[in-house]
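Okay, so here's the structure we're looking at.
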Amino acid sequence: MTATELTLSAAQVGESDVHALVARAQSGDRDAFAELYRAHMGFVRGVLLAWVSPDDVPDLAHDTFLMAMRNIASLRDPAAFAQWLGSIARNVARAHHRRGKISVPLPDNMPASPPQPEPSDEALRILKAVHGLPTRLREPLLLRLVEGMSGEEIARALGISHGAVRVALHRGIKLLRTQLEKP
Amino acid sequence: MNTSDEDYLFDPDAPPDAAIVALEAELASLRGIDVGPRPGWADAGVPIARGATWTRRTAWLVGTLIAAGLLLTATQLSSRLMRPWTVVQLSQVRGALHAPIASARTVGIGDVIVTDSLTTMRLNVGTIGRTEIRPGSRVRVVATGATHYRLALDEGEIHARIWAPPRFFLVETPNALAVDLGCIYTLRSAADGSGFLRVESGEVELATSASIVRVPAGNIVHINSSGLPGLPFPASSALPLRSAISSYEANPKDVELVRAILRNADSTSSIVLWHLLSRVPAEVRGEVYERLAAVAPLSLGISRGAGHERALDELRAALEPGWSTERAPLWKRWWRGLWRGNSSG
């Protein structure tokens with residue numbers, strides 16, 4: 001398989017595909033986990049952006065997937081993979097705030113995080129405004145505006161109802177506009 | 001309500017709303033943050049379920065031990081003190097939920113247990129007690145024997161509950177050795193050896209290259225990265241006293257920092273002041289003694305002219321019963337007393 005064929009988004013990987021990939025990953029298939037990684041990396045990025053600075057996202061995303069790989073056999077409901085992954089990402093972000101680092105043993109020859117493009121000043125200003133919003137509004141907003149996920153996909157990934165996502169997006173945009181209009 | 005932006009907000013395939021499209025464009029640079037798999041990433045984490053991490057050497061050792069286990073068990077199980085240690089995963093934290101997962105494994109000398117930031121594990125120490133290995137820790141089994149069990153806490157935190165005779169269970173950190181005298185305690189160590197010991201029941205003797213300190217129930221002592229134990233203090237101490245102790249431990253030669261401790265000491269601080277007496281320069285020792293006499297009235301008629309060392313010993317004997325917050329029965333206190341060495345404090 002070529003690299004292009006492996007680059008799937010969570011939207012393109014259907015529910016039954018996720019189920020099958022999780023089952024394969026749970027029996028030790030690292031390629032299956034790699035597909036899950038690629039399919040959900042945007043989602044994890046969106047979740048982490050709701051909690052930490054963009055500079056910290058690459059390493060914390062890496063830690064999130066590492067932890068998920070180590071613990072995937074304990075996931076009882078494969079259909080809840082995205083929700084499970086999201087909660088790992090939130091725990092990683094919380095631990096990062098608490099202690100400033102995560103204890104994830106890594107081999108010495110692990111490559112460092114690649115150099116990252118700088119987010120624009122306006123992007124950082126908007127993100128800062130999002131960080132000032134109520135916590136329940138941040139993830140749906142960033143998953144929609146940054147990752148381009150639909151309301152339905154957000155509902156499925158976060159394990160909340162369509163109605164809750166609609167309310168969160170509507171209210172989030174309204175409050176965000178108010179924040180951004182402040183001098 | 002703006003129907004147009006609501007539709008487009010929920011469904012990116014709906015007719016676009018200009019204002020939201022503008023927001024998406026401004027945020028597009030965040031989408032450039034690379035969170036993809038790094039080369040060699042898949043080999044970094046062995047996908048062991050249950051959250052434990054084992055070194056290859058440990059996996060080989062455990063396999064060999066299992067293969068030889070029947071023969072070993074037949075000869076050694078007759079002695080209760082030689083029962084193998086078992087590791088039982090206590091719980092794995094997911095958000096606010098604790099999901100108990102039972103999977104017992106046997107560990108032995110040389111085995112390494114590493115917990116990630118989500119996992120707590122319990123190590124049953126033969127039949128003499130158990131140790132909880134908290135998230136983000138690295139622990140090695142150093143020795144097991146009929147009369148001693150020894151762990152190494154390289155990094156992280158453990159909570160030990162030991163019911164063996166004193167001095168059977170020892171935990172080494174990079175800078176210190178904690179010797180159990182029959183108790184319940186928490187020990188934390190960073191990789192540079194700094195950390196703390198907090199005793200809940202009984203007593204722990206903390207030995208470093210510099211000195212030995214006995215820490216009774218209800219007290220805490222810090223260890224700095226140079227291996228010096230700090231001043232034991234009650235866990236109930238107020239923040240000003242804790243801050244004063246912390247400042248002194250960072251710069252023990254500064255007599256003004258000694259005086260800050262004296263100002264903040266109260267009737268529960270005699271343990272702090274006694275240990276301070278044995279460490280401060282002679283020029284300020286009198287002030288420490290005066291403050292000790294003020295907070296802990298001494299009725300034994302100890303004379304300051306009796307010689308410093310003798311006075312210290314007599315003071316300790318008079319004050320020590322009040323240092324522990326535990327009210328152990330007389331037989332227990334006698335039993336522990338038999339096992340105490342001479343600690344310099």
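All of these numbers come straight from a predicted model, not from anything done at the bench. Residue numbers begin at 1 in each chain, while the letters A, B, ... track the order of the sequences.
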(request) Could you tell me which portion of A:Leu180 (side chain, backbone, both or neither) has an atom closer than 4.5 angstrom to a non-hydrogen atom of chain B? (result) side chain
(request) On the 0 to 90° scale, with breaks at 30° and 60°, tag the A:Phe81-A:Trp84 ring pair as parallel, tilted or perpendicular. (result) tilted
(request) Identify, with sequence neighbours excluded, every residue that meets salt bridge (charged side-chain N to carboxylate O under 4.0 Å, His left out) alongside B:Asp154. (result) B:Arg138, B:Arg140
(request) Side chain from CB out, backbone as N, CA, C, O: work out which of these in A:Ala123 comes under 4.5 Å of a heavy atom of chain B, or both, or neither. (result) both
(request) Identify which part of A:Arg90 has an atom lying under 4.5 Å from any heavy atom of chain B, answering side chain, backbone, both or neither. (result) neither
Give every donor-acceptor pair under 3.5 Å between a side-chain atom in residues 127-137 of chain A and any protein atom, sequence neighbours left out.
| unit_1 | atom_1 | unit_2 | atom_2 | d |
| --- | --- | --- | --- | --- |
| A:His131 | NE2 | A:Leu49 | O | 2.6 |

(request) Go through the atoms of A:Leu48 and report whether side chain, backbone, both or neither lie under 4.5 Å from a heavy atom of chain B. (result) neither
(message) I'd like to know whether the aromatic ring centres of A:His170 and B:Phe10 sit less than 6.0 Å apart in this structure.
(response) no
